[in-house]
2 protein chains.
Amino acid sequence: MPPQPLDDLDHHLLALLQQDSGKTLAALGELVGLSPSAVQRRITRYRETGLITRTVAVLDPRTATDALLAICAVTLDRESVEAHEEFRAHLLANPHVQQLYNVTGDHDYIAVLATTGIGQHRSVADEVLKSAPNIRRYTTMVVLDPLRTTLTLPTR
Amino acid sequence: MPPQPLDDLDHHLLALLQQDSGKTLAALGELVGLSPSAVQRRITRYRETGLITRTVAVLDPRTATDALLAICAVTLDRESVEAHEEFRAHLLANPHVQQLYNVTGDHDYIAVLATTGIGQHRSVADEVLKSAPNIRRYTTMVVLDPLRTTLTLPTR
DNA sequence: TCTGAAAGTTTTCATCC
DNA sequence: GGATGAAAACTTTCAGA
């Protein structure tokens, strides 16, 4: 799948779709200056090339049933490939791991845990972190306010 | 807007919609055991109550034009309300700030910066962090691998 | 009050130019 | 890239449980 070069209209469309994918092809076309069929062709291409992986509904963490977010910085006690693989598999198996990043610096991983409250957080943290293999240490930061939560990526 | 209690069907629907909002009402109805119109009524309610804030297209950070993610932990040098307000406004004004959380612990904020490469990252980091008000210190962790990037929240 | 079904409208999809 | 017709989806309305 050759990652075709994007033109100005693509950048514009992708920005719009990342803000709101519920617009009709006609509405999108009006905004970017294309016919609905041209918009449709481009969106189909984004999907086929894997640029757009999925479209999802976003819940408001402030409205959602007492959503509790926590950010964990994790350092492994071994740097072997197997240790990392084990750790990743363990965390990715848990649906409460909303995000997981392998990062540079003092920590190896940053994980975002999403639960419905402090009670659930405790049990998930126990299961996900305490029982995870190869962890040297971890720090948990409870989210007091999710000021912005998007997955928007710039395309240029 | 009364945050109406959710029943089992609501939990099921919300989980499905957070995974893929592209399904048709008929397909969703089949999965949860409701008619398309009943499904639509519920989804409309989620939107009206603000539980679902938007539906968006998700770009693959690995496929997207050399997307570079970085996670910054920020500590402010003053704990005044004004200092926090200033800092938040400054960061939220920048579209490259993909996520921003106010957290407990040694740091005050965790920010996720999304750029198209190290060059853009430098300029954004300069603009967003160096010129931000009230920052005592910050640490930047470059994302080597975005193993999971969702905004999925559990509803129970 | 919520569900299911049907009618009317809009959007999407596929093929054409 | 634009346009058209067919298919599909969504929205609204209404009657029943």
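Here the structure is a predicted model, which means the values were calculated and not measured. By convention in this document, chain letters (A, B, ...) are assigned in the order of the sequence lines, proteins followed by strands, and residues within each chain are numbered from 1.
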- Message: Does B:Arg42 reach a base, just sugar-phosphate, or nothing at all? Heavy atoms under 4.0 Å.
- Response: sugar-phosphate
- Item | Sugar-phosphate only, base, or nothing, as touched by B:Thr24 at under 4.0 Å among non-hydrogen atoms | sugar-phosphate
Between atom [atom1] in [X] and atom [atom2] in [N], what is the gap in whole Å?
X: B:Asp7; N: C:dC2; atom1: CG; atom2: C1'; result: 11 Å
X: A:Arg41; N: D:dT4; atom1: CZ; atom2: P; result: 14 Å
X: B:Glu30; N: D:dA9; atom1: CD; atom2: C1'; result: 15 Å
X: B:Ile43; N: D:dT12; atom1: CD1; atom2: P; result: 14 Å
X: A:Asp8; N: D:dG1; atom1: CG; atom2: C1'; result: 16 Å
X: A:Leu9; N: D:dG1; atom1: CG; atom2: C1'; result: 11 Å
X: A:Glu48; N: C:dA14; atom1: CD; atom2: C1'; result: 13 Å
X: B:Leu25; N: C:dG4; atom1: CG; atom2: C1'; result: 14 Å

- Query: When the aromatic ring centroids of B:Tyr109 and B:Tyr101 are compared, is their separation below 6.0 Å?
  - Reply: no
- Message: Ignoring hydrogens and geometry beyond distance, is a side-chain donor-acceptor pair present between B:Thr115 and B:His96 at under 3.5 Å?
- Response: no
- Query: Do the charged groups of B:Arg42 and B:Asp7 touch, with an N to O distance under 4.0 Å?
  - Reply: yes
- d(B:Arg88 CZ, B:Leu100 CG) to nearest 0.5 Å is 8.0 Å
- Note on the structure: Closest to the 5' end of DNA chain C, once A:Gln40 and B:Leu34 are matched to their nearest nucleotides, is B:Leu34
